[in-house]
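Quick notes on the structure that follows.
What's counted below: heavy atoms across the whole structure, side chains too, no hydrogens, waters or symmetry copies. In what follows, every chain begins at residue 1, and chains take the letters A, B, ... in the order their sequences are listed.
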There are 2 protein chains.
Amino acid sequence: MSGASVAAPREQAVEAALDRAASACAARGAQLTALRRQVLRLVLDAPHPVGAYALLDQLRAERPGAAPPTVYRALDFLQEQGLVHRVERLNAFVGCTGPEAHHHCGHGHDHPHQFLICASCGATAEICDDRVAAAVRDAARAAGFVPTRTTVEVEGRCAACVAAGQGGPSPA
Amino acid sequence: MSGASVAAPREQAVEAALDRAASACAARGAQLTALRRQVLRLVLDAPHPVGAYALLDQLRAERPGAAPPTVYRALDFLQEQGLVHRVERLNAFVGCTGPEAHHHCGHGHDHPHQFLICASCGATAEICDDRVAAAVRDAARAAGFVPTRTTVEVEGRCAACVAAGQGGPSPA
DNA sequence: GCGATATGCGATATAGAATAACGTCACCCC
DNA sequence: GGGGTGACGTTATTCTATATCGCATATCGC
Ligand SMILES: [Zn+2]
Ligand SMILES: [Zn+2]
Ligand SMILES: [Zn+2]
Ligand SMILES: [Zn+2]
C-alpha cells in the first residue's frame with residue numbers, strides 16, 4: 001500500500017463530506033460545531049458501523065473530558081441532520097451514504113433507507129429502495145397506521161462474502 | 001368489568017397458546033420446559049412488548065434465584081422456536097401473533113414479519129405482508145446480498161390513537 | 001453399571017449502551 | 001443588564017446483555 005504521505009484520497013473524501021455537511025447544516029440554521037464535526041469524522045472514518053463507546057474512546061484521544069453524553073448528544077444532532085443513521089440491530093452508528101450524501105434520489109434529509117448487514121464481514125450497506133418504502137407504507141396504512149419512521153435492516157451475506165465462499169473474508 | 005372469578009377468557013387463550021407452543025416444540029424435538037413456559041406466559045400476558053428485566057422482575061416472584069441469564073436463555077430459546085420476537089427499537093420482546101400462532105399464511109416458524117409500533121400508546125402489532133417481504137428480498141438480491149433475517153419496524157400512530165385525536169389514549 | 005456427551009439451569013461477575021440531572025459559559029435580543 | 005437559548009462539561013445512575021463457572025440430569029454405547 002502507499003504510505004499516508006500527504007492526504008489519502010479517502011481522507012480527502014471525508015473532509016469534503018464534512019464540508020458539505022457543514023453547509024447543509026448551516027442552510028437549515030443548525031451548526032456543525034467542532035465537536036460534532038469531530039464525531040462525524042470518526043463515524044465516517046470507520047469502515048463499519050461504530051458503537052457509541054468506541055467513538056467515545058477515540059474521541060477521548062483529542063478530548064480527555066469526553067463522557068457518554070458528549071458523544072450521544074453529538075450523535076443525536078447528526079441523526080437529526082440526516083448525516084448519521086443508527087443501526088438498530090448493532091446498536092451502532094454509520095454515516096449516511098444515501099441520497100443526502102450523493103443526491104441520487106429526491107428525498108430530504110429524513111429520507112427512507114434500508115440496511116444490508118453482512119454477518120460475515122460486518123459490512124453494512126445503505127440502500128434506498130422506493131418499492132420497499134412504498135410497500136411498507138401501504139402495509140401500515142392498510143392497518144390504519146400512520147407511519148412516521150421506518151427501520152428496515154436485512155442480515156445476510158454480502159456479495160463479496162458470497163463470492164469468497166463459506167468462510168467469507170476476514171470478519172473484521 | 002367482570003371479576004376474575006374462575007378463568008378470564010384471556011387467560012384461557014394464553015393457556016391454550018402455551019399448550020400449542022409445547023406441542024410445536026415437541027414436534028421439532030425441543031422442549032418447552034417449565035421455566036421457558038413461565039417466561040412465555042409472562043410475555044403473552046403483557047399487553048405490550050416487555051423488556052428482559054421487567055420479565056426478570058416478574059419471574060422472581062415465582063423463582064427467587066432468577067438472574068439475567070435465566071431470562072435471556074429462555075428468550076433465546078423462544079425466539080428460535082418462533083414463539084417470541086424481539087422488537088429492536090424497543091429492546092423488548094413480544095409474543096408472536098403472526099402466521100405461526102394463527103395459521104394465517106403459509107410460513108414456517110421463522111416467518112417474515114413486520115411491526116407497527118404506536119408512539120402514542122405503545123401498542124405493537126405484528127403483521128405479515130408478503131409484498132413487503134418480497135420487496136425487501138428483491139432489493140437485497142439486486143445488491144448481490146443473500147438475506148437470512150429481516151427486521152422491519154414502523155413507528156407511528158395506531159388507528160385507535162389517530163381516531164382519538166392528538167393526545168391519543170392513555171400511553172399505558 | 002459406567003464413562004462420555006449433551007442439555008438445562010443456578011450463580012456470580014462483568015461488559016456495553018443510554019439517560020438523568022445539574023452546572024457553566026457564550027451568545028443574542030431587547 | 002435581564003432573560004432566553006443552545007452547546008457542552010460533569011457526575012451518577014439505570015437499563016440491557018454476555019461471559020464464565022459449576023452442578024444436575026438425561027441419554028447413549030458398551
Ligand atoms: Zn441515509
Ligand atoms: Zn461480507
Ligand atoms: Zn410472528
Ligand atoms: Zn396507539
In whole angstroms, how far is the [atom2] atom of [N] from the [atom1] atom of [X]?
{"X": "Leu56(A)", "N": "dC8(D)", "atom1": "CG", "atom2": "P", "answer": "15 Å"}
{"X": "Arg89(B)", "N": "dA18(C)", "atom1": "CZ", "atom2": "P", "answer": "13 Å"}
{"X": "Leu59(A)", "N": "dT10(D)", "atom1": "CG", "atom2": "C1'", "answer": "15 Å"}
{"X": "Tyr72(A)", "N": "dA17(C)", "atom1": "OH", "atom2": "P", "answer": "7 Å"}
{"X": "Leu78(B)", "N": "dC9(C)", "atom1": "CG", "atom2": "P", "answer": "10 Å"}
{"X": "Arg37(A)", "N": "dC8(D)", "atom1": "CZ", "atom2": "P", "answer": "14 Å"}
{"X": "Gln79(A)", "N": "dT19(C)", "atom1": "CD", "atom2": "C1'", "answer": "14 Å"}
{"X": "Leu90(A)", "N": "dA17(C)", "atom1": "CG", "atom2": "P", "answer": "10 Å"}

Original post:
Base, sugar-phosphate, or nothing for Arg36(B), non-hydrogen atoms under 4.0 angstrom?
Top reply: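 The answer is sugar-phosphate, as Arg36(B) gets under 4.0 Å only of primed atoms, P, OP1 or OP2.
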
Original post:
Could you give the distance from CZ (Phe93(A)) to CG (Leu42(A)), rounded to the nearest 0.5 Å?
Top reply: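 Interatomic distance, Phe93(A) CZ to Leu42(A) CG, rounded to 0.5 Å: 13.0 Å.
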
**OP:** Determine, stepwise, if the pair Arg37(A) / Asp19(A) fulfils salt bridge (Lys or Arg N to Asp or Glu O under 4.0 Å).
**Re:** CA-CA 9 Å; Arg37(A) 187 178 174 116; Asp19(A) 288 339; 2.8 Å; yes

Original post:
For residues Arg28(B) and Gln81(B), is any side-chain donor paired with an opposing acceptor at under 3.5 Å?
Top reply: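 Yes, side-chain donor-acceptor contact under 3.5 Å.
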
Subject >> Residue pair Thr151(B) / Arg89(A), side-chain donor-acceptor N/O under 3.5 Å >> reply: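 Indeed, the side chains of Thr151(B) and Arg89(A) share at least one donor-acceptor pair under 3.5 Å.
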
Subject >> Hydrophobic cluster identity match, Leu83(A) and Val14(A), side-chain contacts under 4.5 Å >> reply: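 Yes, same cluster.
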
Original post:
Under 5.5 Å between ring centres and under 30° between planes: true for Tyr53(B) and the base of dT16(D)?
Top reply: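 One would call Tyr53(B) stacked on the dT16(D) base.
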
Original post:
For dC15(D), what is the paired nucleotide under Watson-Crick or G-U wobble rules, both distances under 3.5 Å?
Top reply: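 For dC15(D), the partner nucleotide comes out as dG16(C), under the 3.5 Å rule.
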
**OP:** Inspect the contact between Arg41(B) and Glu15(B) and indicate whether a charged nitrogen and a carboxylate oxygen are less than 4.0 angstrom apart.
**Re:**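 Counted as a salt bridge, because a side-chain N and a carboxylate O are separated by less than 4.0 Å.
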
Original post:
Can you find a pair of side-chain heavy atoms, one from Phe115(B) and one from Pro49(B), that are under 4.5 Å apart?
Top reply: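 No. Closest side-chain heavy atoms not under 4.5 Å.
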
**OP:** Report yes if a donor N or O on one partner sits less than 3.5 Å from an acceptor N or O on the other, where the partners are the side chain of Arg73(A) and the base of dG9(D); otherwise report no.
**Re:**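 Result: at least one qualifying N/O pair found.
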
Original post:
For DNA chain C, what residues of residues 60-71 of chain B have any heavy atom nearer than 4.0 Å?
Top reply: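 Going residue by residue through residues 60-71 of chain B, the ones with a heavy atom under 4.0 Å of DNA chain C turn out to be Arg63(B), Gly65(B), Ala67(B), Pro69(B), Thr70(B).
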
Subject >> Nearest-nucleotide comparison on DNA chain C, the residue closer to the 5′ end among Asn91(B) and Thr33(B) >> reply: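 So the residue in question is Thr33(B).
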
